[in-house]
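Below is one structure; the comments refer to it alone.
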Amino acid sequence: FGYNFGGVLTTLEGKMLALWASYAKPVGAEVRDMVRGLPVAPILDARDEVLRWRAEGTQGVGSVKLLDAEFDTMMLAKAGAYGVPPEWIDRLMAADPVRR
C-alpha cells in the first residue's frame with residue numbers, strides 16, 4: 001500500500017465519517033502494511049478541545065500532546081485481564097450476545 005495510501009471516508013453528502021490510512025505493523029522480523037479506518041468522532045473531539053483552549057486562552061495554547069497508541073479488538077473473555085470492569089463486560093455481552 002505504501003505510506004501515501006489513505007484518505008477520508010464520507011457520506012454521499014460529503015460528511016466526514018472516518019480517516020482511511022495504511023499503518024505499519026511489525027510481524028516477526030517483517031513490517032507489514034495494513035489499511036484501517038479511524039472514526040471521525042475522536043478526531044473532532046480533539047479538534048474542539050484545542051479550539052476551546054484557543055478561544056479561552058487557557059492551557060494547551062500552541063501545543064498539543066500526542067500519545068502513540070495502537071488499538072486492536074479482543075475477546076471479552078480476555079478484557080477483564082486488561083482491567084475492563086466486570087460490569088462493563090456484562091453490559092457488552094447483554095447488548096450483543098451473538099458478537100461478544
Side-chain angles (χ1 to χ4, degrees):
F1 298 113
Y3 293 103
N4 294 326
F5 184 82
V8 177
L9 299 176
T10 67
T11 64
L12 292 174
E13 295 78 30
K15 181 180 176 186
M16 188 166 102
L17 299 174
L19 294 178
W20 188 254
S22 94
Y23 301 90
K25 179 179 181 178
V27 178
E30 298 179 23
V31 176
R32 295 189 184 159
D33 286 334
M34 62 181 179
V35 180
R36 298 288 186 266
L38 174 66
V40 72
I43 298 165
L44 295 179
D45 290 344
R47 179 208 60 192
D48 292 345
E49 185 72 8
V50 170
L51 291 175
R52 183 181 63 78
W53 292 341
R54 178 188 246 174
E56 295 174 356
T58 58
Q59 75 174 41
V61 174
S63 69
V64 175
K65 304 278 191 268
L66 300 177
L67 172 66
D68 184 20
E70 293 183 23
F71 300 96
D72 201 356
T73 57
M74 75 170 54
M75 295 170 54
L76 286 175
K78 288 187 172 184
Y82 289 92
V84 176
E87 303 83 41
W88 279 67
I89 294 171
D90 292 341
R91 286 177 60 193
L92 289 167
M93 287 176 63
D96 193 348
V98 174
R99 289 182 38 198
R100 62 182 175 166

Only distances under 3.5 Å count here; give the side-chain donor-acceptor pairs of residues 6-15 to other protein atoms, sequence neighbours excluded, each with its distance to 0.1 Å.
| from | atom 1 | to | atom 2 | distance (Å) |
| --- | --- | --- | --- | --- |
| Thr11 | OG1 | Glu13 | N | 3.3 |
| Thr11 | OG1 | Glu13 | OE1 | 3.3 |
| Thr11 | OG1 | Gly14 | N | 3.4 |
| Thr11 | OG1 | Lys15 | N | 3.1 |

(message) Please enumerate all residues that pass side-chain contact (heavy atoms from CB on, under 4.5 Å) together with Pro85, with sequence neighbours excluded.
(response) Glu87, Trp88
(message) For Ile89, give me all partners under side-chain contact (heavy atoms from CB on, under 4.5 Å), at least two apart in sequence or on another chain.
(response) Leu76, Ala79, Val84, Met93
(request) Mind listing the closest non-hydrogen atom pair of Tyr82 and Met74 along with its distance? (result) CD1-CE, 3.6 Å
(request) May I ask whether Met16 and Leu38 are part of the same hydrophobic cluster, defined by side-chain heavy atoms of I, L, V, M, F, W, Y residues being less than 4.5 angstrom apart, directly or through others? (result) yes
(request) Indicate, with yes or no, if Leu19 and Leu44 share a hydrophobic cluster defined by side-chain heavy-atom contacts under 4.5 Å among Ile, Leu, Val, Met, Phe, Trp and Tyr. (result) yes
(message) Under the rule for salt bridge (charged side-chain N to carboxylate O under 4.0 Å, His left out), what residues qualify as partners of Arg47, not counting sequence neighbours?
(response) none
